[in-house]
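Since the structure comes first, as structure tokens, the remarks are kept for the end.
Both counts, for ligands and for their atoms, begin at 1 and track the order of listing.
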Amino acid sequence: DLSPISTTGVPEELRPLIVAFNEMMSRLEENLQAQQRFIADAAHQMRTPLTGLRMQTELALDETDPELLHDSLSRIARSTERASHLINQLLTLARAESSSEKIYAVEQVDLEMLVREVAHDLFPRAQARAIDLGVEDTGWPLLIDGNPVMLNEMIANLVDNAIKYTPEGGSVTIRTQATDFAILEVEDTGIGIPEEDRERVFERFYRVLGSDADGSGLGLPIVREIAEMHRASVTLKPNPAGKGSIAQVVFPRSYARRRPLDDT
Ligand code: ADP
């Protein structure tokens, strides 16, 4: 039973303790409810690809024509890939949530290098959609404190979205800027995000109505979790060029100083 403990009849000096205890319990209960909602949503999301897989498999079992059988199996392979991507996303979210710093080593990383890595990895995807993927960086190392694997995942999610929601022939630009902060921007010339959805798209499983590209609605929640791990803020705004949007992540710059060699 998680209901609050009453303070009636409790000596004056013990009351603050009970009040604090009740507050703690109510926060725990909220957390528990959020977890249960997440599990229910996740199970629901997994059902769609699994139902598809079951139907496709049944069809394939009855197929005698070798060519049609091959088509069937290709569809099964694609559905399996989608299901496994979904599971990976759910795992990433769960991990990013479970007070990351204990699990993930934090080191000094160069944001510019990460950006070049992601641009390199996603270049084929952009090319396949005739999208011009470019990098505008400061040309200097831009150091932040973070986990390179998580940061790579975060940037890749933003760039992947930018490519996915931009029609063929458009452009995607990844930009870094150094001020008091380290700033990362991913700009696209795509379909844009309606103002009323610009905050909601960070909710788990939320997708803008009519965005027909393949997706789970987990990419941006992952982006936000990872940003928060790094004390960074992430926002979406319309591209001032008039078409598409800009995702902006603002990080604190690295405060770590390398020790001089003789300082031990
Ligand atoms: P997914 O892309 O898997 O659906 P996300 O959490 O990454 O999930 O994004 C949530 C929704 O936000 C998308 O379904 C899409 O409607 C919208 N969205 C995200 N990024 C962009 C973008 N760059 N341009 C337009 N819409 C976007």
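- We find that Arg200 and Glu203 are joined by a salt bridge, their nearest charged nitrogen and carboxylate oxygen being less than 4.0 Å apart.
- Salt bridge Arg224/Glu199: present, at least one basic N to carboxylate O contact under 4.0 Å.
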Test side-chain contact (heavy atoms from CB on, under 4.5 Å) applied to Leu93 and Arg204, step by step = CA-CA 10 Å; Leu93 256 185; Arg204 287 165 185 189; 3.7 Å; yes
Hey, what polar pairs (N/O, under 3.5 Å) does ligand 1 make with protein?
residue  : atom   : partner : partner atom : Å
ligand 1 : 2 (O)  : Asn161  : OD1          : 3.3
ligand 1 : 2 (O)  : Lys164  : NZ           : 3.0
ligand 1 : 2 (O)  : Tyr165  : OH           : 2.8
ligand 1 : 3 (O)  : Ser216  : N            : 2.7
ligand 1 : 3 (O)  : Gly217  : N            : 3.1
ligand 1 : 4 (O)  : Tyr165  : OH           : 3.3
ligand 1 : 4 (O)  : Arg207  : NE           : 2.5
ligand 1 : 4 (O)  : Arg207  : NH2          : 3.3
ligand 1 : 4 (O)  : Gly217  : N            : 3.3
ligand 1 : 6 (O)  : Gly219  : N            : 3.2
ligand 1 : 6 (O)  : Leu220  : N            : 2.8
ligand 1 : 7 (O)  : Asn161  : OD1          : 3.3
ligand 1 : 7 (O)  : Asn161  : ND2          : 2.8
ligand 1 : 7 (O)  : Leu220  : N            : 3.2
ligand 1 : 8 (O)  : Gly217  : N            : 3.1
ligand 1 : 14 (O) : Tyr165  : OH           : 3.2
ligand 1 : 14 (O) : Arg207  : NE           : 3.1
ligand 1 : 16 (O) : Val208  : N            : 3.1
ligand 1 : 16 (O) : Ser211  : OG           : 3.0
ligand 1 : 20 (N) : Asn161  : ND2          : 3.4
ligand 1 : 23 (N) : Asp188  : OD2          : 2.9

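- Using a cutoff of 4.0 Å between basic side-chain nitrogens and carboxylate oxygens, Arg231 and Asp145 are not scored as salt-bridged.
- Listed here is the closest heavy atom pair of Phe38 and Leu90: CZ-CD2, 3.7 Å.
- Taking the charged nitrogens against the carboxylate oxygens, Arg125 and Asp160 do have a contact shorter than 4.0 Å, which makes a salt bridge.
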